[in-house]
Each structure stands twice: as C-alpha cells, then as structure tokens.
2 protein chains.
Amino acid sequence: MATADTKSQILDTAERLFAQKGFDAVSLRNIVTVAKVNLAAVHYHFGSKQSLLHTVVARRLRPINEERLAGLAEAQTKAGKRPVKLERVLECLFLPLFRVQADPKVGPAFSRLIGRVLFDRNADLQKFMMSELAEVIPQFSAALDAALPGLPKEETDWRSHFMAGAMAHTLCNADLLVRFTGTDADASDYESTVRRLIDFTAAGFRAKVSPPPKKARAKQTPRKK
Amino acid sequence: MATADTKSQILDTAERLFAQKGFDAVSLRNIVTVAKVNLAAVHYHFGSKQSLLHTVVARRLRPINEERLAGLAEAQTKAGKRPVKLERVLECLFLPLFRVQADPKVGPAFSRLIGRVLFDRNADLQKFMMSELAEVIPQFSAALDAALPGLPKEETDWRSHFMAGAMAHTLCNADLLVRFTGTDADASDYESTVRRLIDFTAAGFRAKVSPPPKKARAKQTPRKK
DNA sequence: GCCTGTTTCAAACGTTTGTTTGAATTTAAT
DNA sequence: ATTAAATTCAAACAAACGTTTGAAACAGGC
C-alpha cells in the first residue's frame with residue numbers, strides 16, 4: 001500500500017463520511033474500513049481524529065480562500081477608486097467555494113462538509129475556522145461596507161450573517177435542492193446556484209431598514225396574551 | 001425524586017446539551033449526570049436516545065407550528081380575497097419560533113437546537129422533521145407563491161431555501177450575534193432579529209431574477225483557465 | 001395495611017471508541 | 001547490499017456507549 005494512496009484514501013473517505021454523517025457520528029474504524037487502510041495509519045499520518053478533520057477542511061479551503069482574496073483584489077484593481085460592486089464582492093466570495101462541486105472526484109462532499117462546519121458551534125472547530133478565515137472575513141467585510149455606503153455597520157453585520165446562513169445551508173443541500181426544485185442537472189449547476197444566491201443576498205443587503213419594532217410593540221402586546 | 005421532575009429534568013438538560021454540542025456528541029451519561037437522574041430513567045420514560053431527541057424537539061415545536069398556522073389563517077381571513085402580504089407571511093413563520101428565546105427558562109437553547117436540527121441531514125431526523133412540518137410547509141409555500149405572483153415556482157423554492165438557511169443560522173447563533181454586532185440586549189431582541197430577518201428575506205424574495213449564467217459562460221471561459 | 005402499578009436504582013451486557021504499542025515490512029539513500 | 005528512516009500492521013489499552021435486567025422503593029387506591 002503506497003503511502004500517497006494511504007493518506008489520500010483517508011482524507012477523501014473522511015471528507016465524504018464527515019460530510020454525510022457529521023464528525024461525531026463517524027468513527028475512525030468506519031473511515032479505515034471504507035478506505036481499506038489500517039487504523040493506526042490515521043494517527044501516524046494525522047495525529048488525531050480532530051487533526052484529520054482540520055486537514056480535510058484546510059486542504060481545499062485554503063486554496064479557495066486564496067482564490068477569493070485574489071478575485072477581490074483583482075476586482076478592486078479594476079474598480080480603481082470606486083468600491084467594488086456588491087454583486088462582484090458576493091461572486092468572489094461564493095464562486096470559488098461552490099465551484100468545488102464541479103470536480104467529479106469531489107462532488108458535493110466538500111461543500112456539504114463546509115456547510116456543516118460553518119454551522120458548528122464546537123469551540124475547537126470555530127477556533128480553527130476563524131484562523132482559516134482570518135484574512136477573508138476582514139477583507140470581505142470591508143468590501144461589503146464599501147459597497148453599501150448608506151447602510152449602518154450594525155445592519156451590514158446582521159445581513160452578512162443572514163447571507164452566511166443562506167450560503168451554508170445551500171452548500172449543505174446542493175444535491176437535494178437540484179432535485180427538489182426540478183432544476184436541470186449539468187456541470188454549470190453551481191453557477192446557477194451562485195447566481196440565484198447572489199440575487200437573493202444582494203437584494204437582502206440593499207433592503208430598506210425597517211424601524212425597530214419597539215414602537216410597534218404597544219400595539220402587539222394585547223395579542224400576545 | 002418526583003417523577004414530574006425526572007422527566008422535565010431530562011428533557012430540559014437534553015435540550016441544553018444537544019443544542020450546545022449536538023446530538024451525537026452528547027451521551028446519555030452526560031445528560032443524567034447534569035440532570036441528577038438515573039441512567040435507566042431515560043429508557044423508562046423515553047425508550048431511546050433517539051426518541052428523547054424527538055420529544056425534546058416536538059414538545060416545543062408543535063405549539064410553535066400551531067401558532068404559525070393560526071397566525072397565517074388569521075392573516076388570510078383579514079386579507080379576504082387578496083393574498084397575504086409577504087412580510088406578514090414571513091412574520092407568521094419566524095416570530096413564534098424566535099419568541100421561545102424570550103422565555104427565561106429556555107433562553108437560547110431551543111432555538112439553537114432547532115437551528116441545528118434544520119441543518120441536519122440525518123435520515124431519521126429529517127423524516128421526523130418532515131412529519132412535524134407536514135402542514136406548515138405546504139401552507140406557507142402556497143402563501144409565499146400567492147404573495148409573489150410574478151415569480152416562477154422554481155425561483156420561489158430556491159429563495160425559500162435561502163430563507164430557511166438564513167433563519168436556521170440565526171437561530172443557532174442568536175446569542176453570539178447580539179454580542180458580535182453590538183446590539184443592545186433586552187427582552188425584545190428576538191423581535192429586532194425577526195424584523196431584520198424579514199427585511200433581508202423579503203427583499204431577497206422580491207429580487208429581480210438574473211438571466212441564467214449560461215449565456216455569460218462563453219465570456220468567462222478564458223478567465224477560468 | 002395490603003396490593004398493584006409505577007418509577008428508580010445499580011449493575012451488567014455487548015459493543016464501540018480514540019489512542020497507543022512494539023514488531024514487521026517497506027522505502028529511500030548510500 | 002546495507003542501513004536507517006518511514007510506514008504499516010495487529011493487538012491491546014482504558015474508557016465510554018446505548019440498552020437491558022431484576023430488585024428495591026415509591027405512590028395510589030381500596
């Protein structure tokens with residue numbers, strides 16, 4: 001059993017199984033059985049189950065984040081002194097991530113895994129993800145602020161969060177969605193998905209801010225009882 | 001140890017721990033240790049760990065769904081022959097669910113749990129949730145279609161999905177969000193959250209539909225290499 | 001107080017888990 | 001071919017898991 005195969009087998013299998021069932025529900029024995037490698041190889045190559053997860057995530061997410069940042073930098077160069085248009089910012093954020101699905105060797109597994117991971121409140125995982133996103137978050141946050149000059153920072157942050165939820169949920173359910181909505185399935189699906197997601201989130205970012213509901217509360221109080 | 005206490009202790013503790021760490025990462029021994037009850041009580045009262053989760057979810061979600069449906073029915077009565085306004089549909093969907101957070105005995109636990117559960121692709125859990133939402137989904141789907149008469153059904157479905165993602169993510173991170181965005185914390189927080197979520201999602205639903213990216217693909221192909 | 005049904009209890013069951021260990025095998029460099 | 005390092009292997013370790021069991025305790029009705 002060649003070593004390059006062993007590591008890749010473990011990584012690819014872990015990616016699929018973690019995506020399918022979640023980190024806690026997948027045992028190392030499950031992974032090595034499917035990958036046809038030895039149980040001790042996991043610790044030899046990756047040190048621990050937790051580190052395996054980090055490696056599975058980082059091996060694809062890092063290049064994706066580099067691509068995101070490069071795309072944004074290019075867009076900013078093109079825009080000169082003006083801010084980058086909101087749709088372009090969102091495209092730079094979403095496309096590299098969704099494009100992974102088009103790789104026939106990966107399919108929906110990595111997307112699903114990232115969607116899950118983005119949702120996970122486990123402290124170690126969050127710490128790890130924050131470090132992986134340490135450049136992406138501030139740069140895209142600044143680009144969003146610039147693209148939405150009239151929107152208070154607080155609102156931008158809330159809407160960024162809604163956007164992240166929509167994105168993560170879509171990552172998790174990409175295959176299901178296609179079947180559920182009757183969309184035609186071909187290699188450009190992720191592009192249609194991204195376009196739709198941009199339409200939705202860009203409009204959400206640009207939505208007029210409603211007044212706080214505190215004023216309306218006097219009217220609603222009787223109905224609450 | 002009175003029996004009413006035992007069941008409630010288990011349910012409340014399970015709710016908190018499942019919300020915090022996820023179903024698979026919380027053992028029954030973890031729950032009974034925190035709840036100060038006996039391990040066998042779980043099987044006596046609930047039959048299995050899986051059933052415990054269902055009970056934890058259903059005990060709050062059922063009244064929430066009834067409230068959702070009642071609110072929608074009332075709005076439809078008021079609207080007469082016209083469709084219910086989009087914002088009102090979304091309000092009927094979100095408010096009952098977010099309002100649970102305002103109960104001091106519950107806090108963010110149930111919201112977080114529901115957010116997690118809505119994201120979970122586990123087959124048993126999905127089946128359970130589909131049955132719990134068996135009336136909500138078709139009725140709200142129809143109300144959304146009626147509120148958005150010019151939007152193709154396929155687009156409404158995609159946008160409903162984005163909306164669900166934004167909602168679930170917000171449920172999972174309600175407490176974090178408040179801290180992260182510097183929003184003032186008081187009893188009406190969930191109402192502000194819901195208002196913001198409605199602003200974002202309503203605008204997303206009403207967004208103009210972009211042309212499919214296939215036409216633009218010829219232009220993008222060189223840049224992909 | 002007695003009887004019956006309900007609930008709790010501690011121990012056990014059979015299985016599974018992530019991690020470790022030391023030997024065997026393979027690989028790479030000279 | 002030899003040596004050293006890297007990798008794989010099977011077994012073991014200590015702990016943990018959901019579930020089951022039969023006895024003890026409790027609660028309610030008569």
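Below, chains carry the letters A, B, ... as their sequence lines are ordered, and counting in each starts from 1.
When the P atom of C:dT8 is taken as reference, atom CD of B:Q9 falls 12 Å away, rounded to whole Å. Rounded to an integer number of Å, the gap from B:H45 NE2 to C:dC9 P is 10 Å. To the nearest angstrom, C1' of D:dT21 lies 15 Å from OH of B:Y44. Between A:N38 atom CG and C:dA23 atom P there is a gap of 17 Å when expressed in whole angstrom units. Spacing between atom CZ of A:F46 and atom P of D:dT7 amounts to 11 Å, rounded to whole angstrom units.
Within residues 10-17 of chain A, no residue has a heavy atom under 4.0 Å from DNA chain D.
Within the 4.0 Å cut-off from OP1 or OP2 of C:dT7, not a single side-chain nitrogen or oxygen of B:T6 is found.
Residues passing the side chain to side chain donor-acceptor pair (under 3.5 Å) test with A:N65 are A:R68, sequence neighbours excluded. Residues passing the side chain to side chain donor-acceptor pair (under 3.5 Å) test with B:D120, sequence neighbours excluded: none. Residues passing the side chain to side chain contact (heavy atoms under 4.5 Å, CB included) test with A:E67 are A:P96, A:R99, sequence neighbours excluded. A:D145 pairs by the salt bridge (charged side-chain N to carboxylate O under 4.0 Å, His left out) definition with A:K153, not counting sequence neighbours.
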Please list, for nucleotides 16-20 of chain C, all pairs of protein and nucleotide N/O atoms separated by less than 3.5 Å.
residue	atom	partner	partner atom	Å
C:dT17	OP1	A:S27	OG	3.1
C:dG18	OP1	A:K49	NZ	2.9
C:dG18	OP2	A:L28	N	2.9
C:dG18	N7	A:R29	NH1	2.7
C:dG18	O6	A:R29	NH2	2.9
C:dT19	OP2	A:H43	NE2	2.9
C:dT19	OP2	A:K49	N	3.1
C:dT19	O5'	A:H43	NE2	3.4

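Pairs passing the salt bridge (Lys or Arg N to Asp or Glu O under 4.0 Å) check and including a residue from residues 126-137 of chain B, sequence neighbours excluded, read B:R62-B:E132. Contacts classified as ring pair (Phe, Tyr, Trp, His ring centres under 6.0 Å) and involving residues 90-129 of chain B (residues at least two apart or in different chains) are given here: A:F119-B:F119, A:H169-B:F119, B:H54-B:F128.
Between the side chain of A:S51 and the backbone N or O of A:G47, no donor-acceptor pair lies under 3.5 Å.
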Review item, side-chain donor-acceptor pairs of residues 13-23 of chain A, under 3.5 Å, at least two apart:
residue	atom	partner	partner atom	Å
A:T13	OG1	A:Q9	O	2.7
A:E15	OE1	A:R59	NH2	3.1
A:E15	OE1	A:R60	NE	2.7
A:E15	OE1	A:R60	NH2	3.2
A:E15	OE2	A:R60	NH2	3.1
A:K21	NZ	A:N30	OD1	3.1

